[in-house]
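One structure is given here, and the rest of the page talks about it.
Just follow the structure's listing: the first ligand is 1, and inside any ligand the first atom is 1.
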Amino acid sequence: MDGIAQADRDDVDQRVGDLAELFVSAGWGFFVVGGVVRDLFLGRHSGDIDITTDATPADTLSILERWADTTWDQGARFGTVGARKGDVMVEITTHRSEKYHADSRKPSVEFSSKIDDDLARRDFTINAMAIQLPSWRLVDPFDGRTDLARRVLRTPLTPEIAFSDDPLRMLRAARFLSGYQLTSPVELENAMGVMAERLDIVSKERISEEFSKFLLVEHPSRGVQLLHRTGLMERLFPSSSNHENLQAQSIDLVSRDLELRWACFLWSVLQEGTLVRKALAGLRVSNATASRVGAIIDAARALTEAKKNDQATARRLLHQTRHDLEPAIELLNAYGQPPLPSVLSAIDQVRELEGNEEFRLPLDGNEVAELIGGEGPLVGEMLDRLMDQRLRAGPLSKKDATALIQDWRKNP
Ligand code: ATP
Ligand code: MG
């Protein structure tokens, strides 16, 4: 077929050609579908292969038993069966035509015998193409191929219907716009603006999962701008502000690390760790991720606020930001708001002189308790004072620390 390299074609035939023969000889259709077809036209390699067929899940399973090493139920209710043979993974879905209800997040799935019905319910025309095997006949009722060539993001049905049926598609729009350098027609953006509030019916888990994929594309900035332009950003992060200071392209400049990308994405609208952690917890992002993102934001903030370059200030910054210092600097550089060079060199100097490990005290809680003759809140207070001293004046010997505690006891 035109537009697909012979080597890519051979690769697909090699992976699933024999399986296609099994389906066809049993009287069923066999179509490679969705992102795989899009990526074939782009010459990009797809890992797993998505297949759609008019065979029911039960018929599919009985064919797969003759072919696969293992099969699993990927949600038979939705008509999807997964299978692996060697290192080939496939997901086979019975053609579907979904019916949605205006107030519900769950479609009621109906199986269909027509490939076109199945393609019509897919998110974008570039993802709504299928190739029938073994003939390699292209099925492209919504002209996804032209859209792909022209780099336009369109929905198979009207965008209002598409986004109302599954509002998550609005977030997917941000991902595909960025990942494939597409442009978005006015109708699509208008529909996003109007439908933004429908996102409320989408589960937080689906939203955050989609976000992770979006933030990890090479250059997410186009999608970031789209979310802002269409009001989706305010819908997703109601506590955010400063939308006019947006510097979307900053996010393209930082490494593809999920936490750093989140921090960079949110920095233009939320510059406070607590707000960021709250917003991410609201999206059911894992606690570990949310707290790391919050810590990067706090570190970035501390760095922008740091004006003095004495050693005590440098130690405080290090103590506060140690594990998040590098990503925070990367974030600020990407925003063109680098920390003051004098602050950074003071930090480097402290690291050089005092090592790069966390600041440790020469006495632990038990030792302090023994010195003051008892447990209790006073121990913690003394430890805090010792750390304060450590940050102000530099390394502290055990002897000095002991003397300080004894002195503080006498003159509280
Ligand atoms: P990727 O290369 O990132 O995996 P993809 O296009 O394969 O992108 P998937 O999320 O793996 O995306 O979905 C596979 C296919 O299923 C899509 O190409 C699209 O046809 C369809 N699809 C996925 N999610 C939706 C959705 N929310 N609404 C409609 N169709 C969808
Ligand atoms: Mg995929």
Partners meeting salt bridge (Lys or Arg N to Asp or Glu O under 4.0 Å) with Lys398 (sequence neighbours left out)
Glu367
Evaluate Asp50 for polar contact with ligand 1, using N/O atom pairs at a separation under 3.5 Å.
no
Looking only at heavy atoms of Leu168, does any of them come nearer than 4.0 Å to an atom of ligand 1?
no
Logged contact type for Arg96 with ligand 1, heavy-atom cut-off 4.0 Å, is neither
Residue from Glu218, Glu209, Glu210 passing salt bridge (charged side-chain N to carboxylate O under 4.0 Å, His left out) with Arg175:
Glu210
From atom 20 (O) of ligand 1, work out which of Asn127, Leu216, Val217 has a heavy atom at the shortest distance.
Asn127
Using a 4.0 Å cutoff against the non-hydrogen atoms of Arg206, which atoms of ligand 1 qualify?
27 (N)
Min over Arg44, Lys213, Arg169, Arg121 of heavy-atom distance to atom 28 (N) of ligand 1 lands on Arg169
Please determine, by modelled atom types, if Thr93 and Thr80 share a side-chain donor-acceptor pair under 3.5 angstrom.
yes
Can you tell me how far apart CG (Leu363) and CG (Leu396) are? Round to the nearest 0.5 Å.
8.0 Å
Could you tell me whether ligand 1 has any atom less than 4.0 Å away from a heavy atom of Phe124?
no
Salt bridge flag under 4.0 Å for residues Asp310 and Arg315
no
Atoms of ligand 1, numbered as shown, that sit under 4.0 Å from any heavy atom of Arg38:
1 (P), 2 (O), 5 (P), 6 (O), 8 (O)
Taking only residues two or more places apart in sequence or in another chain, which ones pass ring pair (Phe, Tyr, Trp, His ring centres under 6.0 Å) with Phe31?
His95
Tyr180 vs Phe176 aromatic rings, parallel, tilted or perpendicular, using cut-offs 30° and 60°?
parallel
Nearest non-hydrogen contact to atom 13 (O) of ligand 1 from the set Met129, Arg172, Arg122 belongs to Arg172
When you compare ligand 1 with Gly34, is there at least one nitrogen or oxygen pair between them that comes in under 3.5 angstrom?
no
Minimal non-hydrogen separation, Phe23 against Ala55, with atom names:
CE2-CB, 4.1 Å
Below a 4.0 angstrom heavy-atom separation, can you tell me which part of Phe163, side chain or backbone, both or neither, approaches ligand 1?
neither
